[in-house]
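Data block below; observations after.
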Amino acid sequence: MTERAKKLLLEGGYTCVFMSADQTLTSKKRGVAPLLEIIDGKQDLRGSCAADKVVGAGAAYLYVLLGVKEIWAHTISEAARAVLERYDIPYSYGNCVPHIVNRTGDGICPMENAVRDATSPEDALQKIRKTLEWINKA
(Lines give C-alpha, C1' and ligand atoms only; values in the text may rest on other atoms or scores of the structure.)
Protein backbone atom coordinates (compact mmCIF):
# COMPACT_ATOMS: atom_id res chain seq x y z
CA MET A 1 0.00 0.00 0.00
CA THR A 2 2.93 2.38 0.65
CA GLU A 3 4.01 2.00 -2.99
CA ARG A 4 0.51 3.03 -4.13
CA ALA A 5 0.61 6.05 -1.80
CA LYS A 6 4.06 6.97 -3.16
CA LYS A 7 2.84 6.69 -6.75
CA LEU A 8 -0.21 8.86 -6.03
CA LEU A 9 1.99 11.44 -4.26
CA LEU A 10 4.41 11.71 -7.16
CA GLU A 11 1.87 11.59 -9.99
CA GLY A 12 -0.81 13.74 -8.34
CA GLY A 13 1.42 16.59 -7.22
CA TYR A 14 0.42 16.11 -3.58
CA THR A 15 2.51 16.96 -0.54
CA CYS A 16 1.24 13.99 1.45
CA VAL A 17 -0.97 10.96 0.95
CA PHE A 18 -2.51 8.56 3.46
CA MET A 19 -3.81 5.22 2.30
CA SER A 20 -5.59 2.43 4.13
CA ALA A 21 -7.82 -0.42 3.03
CA ASP A 22 -10.93 1.77 3.16
CA GLN A 23 -9.76 5.33 2.55
CA THR A 24 -7.32 7.58 0.72
CA LEU A 25 -6.59 11.07 1.97
CA THR A 26 -4.47 13.59 0.04
CA SER A 27 -3.23 17.12 0.61
CA LYS A 28 -1.37 19.80 -1.30
CA LYS A 29 -0.71 21.91 1.80
CA ARG A 30 2.89 22.49 2.82
CA GLY A 31 4.78 21.69 5.97
CA VAL A 32 3.07 20.13 8.94
CA ALA A 33 -0.28 21.81 8.16
CA PRO A 34 -2.01 18.72 6.73
CA LEU A 35 -0.86 16.57 9.65
CA LEU A 36 -2.10 19.09 12.20
CA GLU A 37 -5.46 19.31 10.39
CA ILE A 38 -5.85 15.55 10.69
CA ILE A 39 -4.89 15.60 14.37
CA ASP A 40 -7.23 18.51 15.11
CA GLY A 41 -10.04 16.88 13.11
CA LYS A 42 -9.56 13.71 15.11
CA GLN A 43 -9.53 11.60 11.96
CA ASP A 44 -8.51 8.02 12.66
CA LEU A 45 -5.64 7.09 10.37
CA ARG A 46 -4.10 4.46 12.64
CA GLY A 47 -2.66 1.65 10.59
CA SER A 48 -2.56 3.62 7.36
CA CYS A 49 0.46 4.04 5.11
CA ALA A 50 1.76 7.50 4.27
CA ALA A 51 3.81 9.09 1.53
CA ASP A 52 5.17 12.60 2.03
CA LYS A 53 7.35 15.01 0.06
CA VAL A 54 9.39 16.11 3.07
CA VAL A 55 9.61 14.48 6.50
CA GLY A 56 11.57 16.29 9.16
CA ALA A 57 11.62 15.46 12.84
CA GLY A 58 8.48 17.52 13.50
CA ALA A 59 6.48 15.64 10.89
CA ALA A 60 7.92 12.32 12.10
CA TYR A 61 6.59 12.96 15.61
CA LEU A 62 3.18 13.87 14.18
CA TYR A 63 3.14 10.64 12.16
CA VAL A 64 3.80 8.77 15.41
CA LEU A 65 0.78 10.51 16.99
CA LEU A 66 -1.34 9.61 13.96
CA GLY A 67 -0.41 5.94 14.31
CA VAL A 68 0.71 5.33 10.74
CA LYS A 69 2.19 1.91 10.13
CA GLU A 70 4.67 2.81 7.39
CA ILE A 71 6.02 5.94 5.65
CA TRP A 72 7.76 6.75 2.39
CA ALA A 73 9.39 10.17 2.13
CA HIS A 74 10.81 11.79 -0.96
CA THR A 75 13.20 13.64 1.38
CA ILE A 76 13.78 12.76 5.03
CA SER A 77 16.10 14.22 7.66
CA GLU A 78 18.46 12.23 9.83
CA ALA A 79 16.52 13.40 12.91
CA ALA A 80 13.24 12.16 11.39
CA ARG A 81 14.79 8.77 10.74
CA ALA A 82 15.84 8.59 14.39
CA VAL A 83 12.29 9.42 15.55
CA LEU A 84 10.71 6.80 13.29
CA GLU A 85 13.23 4.19 14.40
CA ARG A 86 12.63 5.02 18.08
CA TYR A 87 8.90 4.38 17.59
CA ASP A 88 9.36 1.33 15.33
CA ILE A 89 7.72 2.83 12.25
CA PRO A 90 9.15 1.33 9.05
CA TYR A 91 10.17 3.91 6.49
CA SER A 92 11.82 4.28 3.11
CA TYR A 93 12.92 7.35 1.24
CA GLY A 94 14.38 8.88 -1.88
CA ASN A 95 16.88 11.27 -0.25
CA CYS A 96 18.23 11.63 3.28
CA VAL A 97 19.57 15.01 4.38
CA PRO A 98 21.27 16.14 7.60
CA HIS A 99 18.34 18.48 8.32
CA ILE A 100 15.35 20.02 6.57
CA VAL A 101 16.05 23.51 5.27
CA ASN A 102 13.61 26.38 5.88
CA ARG A 103 11.56 27.85 3.02
CA THR A 104 13.99 30.72 2.43
CA GLY A 105 16.87 28.25 2.17
CA ASP A 106 19.05 30.01 4.73
CA GLY A 107 18.65 27.85 7.83
CA ILE A 108 17.05 24.86 9.52
CA CYS A 109 13.31 24.34 9.19
CA PRO A 110 11.63 25.88 12.25
CA MET A 111 9.63 22.69 12.91
CA GLU A 112 12.77 20.56 12.84
CA ASN A 113 14.45 23.03 15.17
CA ALA A 114 11.42 23.23 17.49
CA VAL A 115 11.43 19.51 18.29
CA ARG A 116 15.19 19.00 18.57
CA ASP A 117 14.88 18.34 22.31
CA ALA A 118 11.35 16.91 22.40
CA THR A 119 10.89 14.10 24.87
CA SER A 120 7.76 12.56 23.36
CA PRO A 121 5.36 12.96 20.43
CA GLU A 122 3.00 14.91 22.70
CA ASP A 123 5.83 17.23 23.75
CA ALA A 124 6.77 17.69 20.09
CA LEU A 125 3.16 18.61 19.23
CA GLN A 126 3.18 21.34 21.91
CA LYS A 127 6.52 22.67 20.64
CA ILE A 128 5.24 22.70 17.05
CA ARG A 129 2.09 24.59 18.03
CA LYS A 130 4.11 27.17 20.00
CA THR A 131 6.48 27.66 17.07
CA LEU A 132 3.62 28.10 14.61
CA GLU A 133 2.01 30.61 16.96
CA TRP A 134 5.29 32.56 17.10
CA ILE A 135 5.69 32.43 13.29
CA ASN A 136 2.12 33.61 12.70
CA LYS A 137 2.65 36.59 15.02
CA ALA A 138 5.81 37.67 13.17
Quiz: residues 78-87 side-chain donor-acceptor pairs under 3.5 angstrom, not counting sequence neighbours:
residue	atom	partner	partner atom	Å
Arg81	NE	Tyr91	OH	3.0
Glu85	OE2	Tyr91	OH	2.4
Arg86	NH1	Tyr61	OH	2.9

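- Remark: His99 NE2 is packed, more than 12 non-hydrogen atoms of other residues, nucleotides or ligands lying under 6.0 Å away.
- For the pair Ile76/Ile71, no side-chain contact is recorded, criterion being any heavy-atom separation below 4.5 Å from C-beta on.
- Ser27 contributes no side-chain N or O that, together with a main-chain N or O of Cys16, makes up a donor-acceptor pair within less than 3.5 Å.
- Arg46 pairs by the salt bridge (Lys or Arg N to Asp or Glu O under 4.0 Å) definition with Asp44, not counting sequence neighbours.
- Annotation: Arg129, atom CZ; neighbour count of heavy atoms from other residues, nucleotides and ligands within 6.0 Å is above 12.
- Within the structure, every pair that satisfies the salt bridge (Lys or Arg N to Asp or Glu O under 4.0 Å) test and touches residues 90-117, not counting sequence neighbours, is listed here: Asp117-Lys127.
- A 4.5 Å side-chain heavy-atom check between Met19 and Leu9 finds every atom pair outside the cut-off.
- Residue Val54 belongs to a hydrophobic cluster whose other members are Val97, Ile100, with links defined by side-chain heavy atoms closer than 4.5 Å.
- In this structure, CD1 on Ile128 lies 4.0 Å from CG on Leu62, to the nearest 0.5 angstrom.
- Checked against salt bridge (Lys or Arg N to Asp or Glu O under 4.0 Å), Asp88 has no partners two or more places apart in sequence or in another chain.
- Listed by first and then second residue, the salt bridge (Lys or Arg N to Asp or Glu O under 4.0 Å) pairs involving residues 15-29 are Lys29-Glu37 (not counting sequence neighbours).
- Ser48 approaches Phe18 most closely through the heavy-atom pair OG-CD2, 3.7 Å.
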